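Taking it in order: structure first as structure tokens, then the write-up.
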Amino acid sequence: MFEARLPQGQILKKLIEAVRELVTDANFECKPSGLSLQAMDSSHVSLVSLLMRADGFDPYQCDRNRTLGINLRTLASVLKCSSNDDIITIRAEDDGDSAILIFESPSSDRLSEFDLKLVDIDNEQLVIPDTQYDAVVRMPSAEFQRIVRDMQILGDSVTIACSKDGVKFSANGEIGSGSVRLKQSSAVDSEDDAVTVDLQQAVSLTFALRYLSLFSKAAPLSPTVTLSFSKDVPLLVEFRIADMGHLRFYLAPKIDE
Amino acid sequence: SYLQEGIVQYFVPI
């Protein structure tokens with residue numbers, strides 16, 4: 001049997017809200033080490049990779065590897081039936097054709113149970129190579145969300161340039177052009193408010209704002225986001241999930257014709 | 001104008 005109880009159930013709610021517009025169906029790979037998911041968007045331009053380690057659950061039981069194919073829109077609808085402070089348990093019986101979601105109020109006086117039919121998903125898995133990135137930018141996730149939203153009024157692409165001075169986002173379109181430049185923070189009250197650029201070499205790449213906007217829906221998961229860039233490789237956008245794992249998005253660059 | 005690359009061009013299927 002597979003059973004994973006997540007005391008901070010709202011993490012799962014935020015996760016599914018973050019990916020449900022990008023990915024329709026996904027296979028949750030359940031292993032003794034934890035829960036993972038890898039899926040491409042329907043256009044095969046971006047990739048979502050989720051990891052939730054077993055030690056983030058309490059308790060976590062996985063006797064054998066299981067693949068749970070789940071429609072994320074259905075899952076999102078069901079998760080809306082839980083409260084933010086609910087404890088959420090995911091359970092799957094061996095050889096069963098459904099996943100069971102249990103929502104438990106903090107005082108355990110309310111228990112709801114939903115049985116979700118599993119779906120067969122033909123999911124191509126990709127090997128993600130280890131990459132030494134040219135530039136790694138860390139910034140508040142709310143700032144990332146704001147910049148992506150602001151750039152979208154100008155066009156459908158954004159050029160992100162990293163240098164030793166900081167990071168510059170620029171877009172141009174029919175109505176005009178604009179940019180936002182973030183300097184590396186010198187002194188901040190909280191590390192979560194800082195902008196840092198770890199630079200091996202200056203790099204400038206262009207990406208579709210539509211996807212960055214979808215990625216930024218993960219901002220409620222983590223106060224900070226990390227953007228990793230290298231010339232001619234996909235951008236990595238990473239949100240850490242408390243102390244238990246991460247939600248990563250990879251986006252193929254746009255190439256100047 | 002820009003050409004959108006696909007992710008499979010960068011990550012090899014298993």
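Sequence lines set the chain letters: A, B, ... in the order given, protein chains first and strands last, and positions in each chain run from 1. Note that the structure is a prediction, hence the values are computed from the model and not measured.
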**Message:** For the CG atom on A:Asp120, are there more than 12 heavy atoms of other groups (residues, nucleotides or ligands in this structure) within a distance under 6.0 Å?
**Reply:** no

**Prompt:** Does CD belonging to B:Gln9 count more than 12 external heavy atoms closer than 6.0 Å?
**Reply:** yes

**Item:** Part of A:Ser157 lying under 4.5 Å from any heavy atom of chain B
**Value:** side chain

**Request:** Check whether any side-chain N or O of B:Gln4 sits under 3.5 Å from a backbone N or O of A:Ala252 as a donor-acceptor pair, and report yes or no.
**Result:** yes

**Complete:** In terms of heavy-atom contacts, B:Phe11 and A:Leu126 come closest through O-CD2, 3.6 Å

**A:Thr131 versus chain B, the contacting section by heavy-atom distance below 4.5 Å** = neither

**Structural part of A:Gln125 lying under 4.5 Å from a heavy atom of chain B** = both

**Prompt:** Is the number of heavy atoms from other residues, nucleotides or ligands within 6.0 Å of CG (A:Asp256) greater than 12?
**Reply:** yes

**Prompt:** Of all heavy-atom pairs between B:Ile7 and A:Val45, which one has the smallest distance, and what is that distance?
**Reply:** CB-O, 3.5 Å

**Message:** Is it true that, when you exclude A:Arg240 itself, more than 12 heavy atoms of the residues, nucleotides or ligands shown sit nearer than 6.0 Å to its CZ?
**Reply:** no

**Item:** Contact origin within A:Asp232 toward chain B - heavy atom pairs under 4.5 Å
**Value:** backbone

**Interatomic spacing from OH in B:Tyr2 to OG1 in A:Thr159 - rounded to 0.5 Å** = 4.0 Å

**Message:** Do B:Ile14 and A:Glu124 have side chains that approach each other closer than 4.5 Å (heavy atoms only, starting at C-beta)?
**Reply:** no

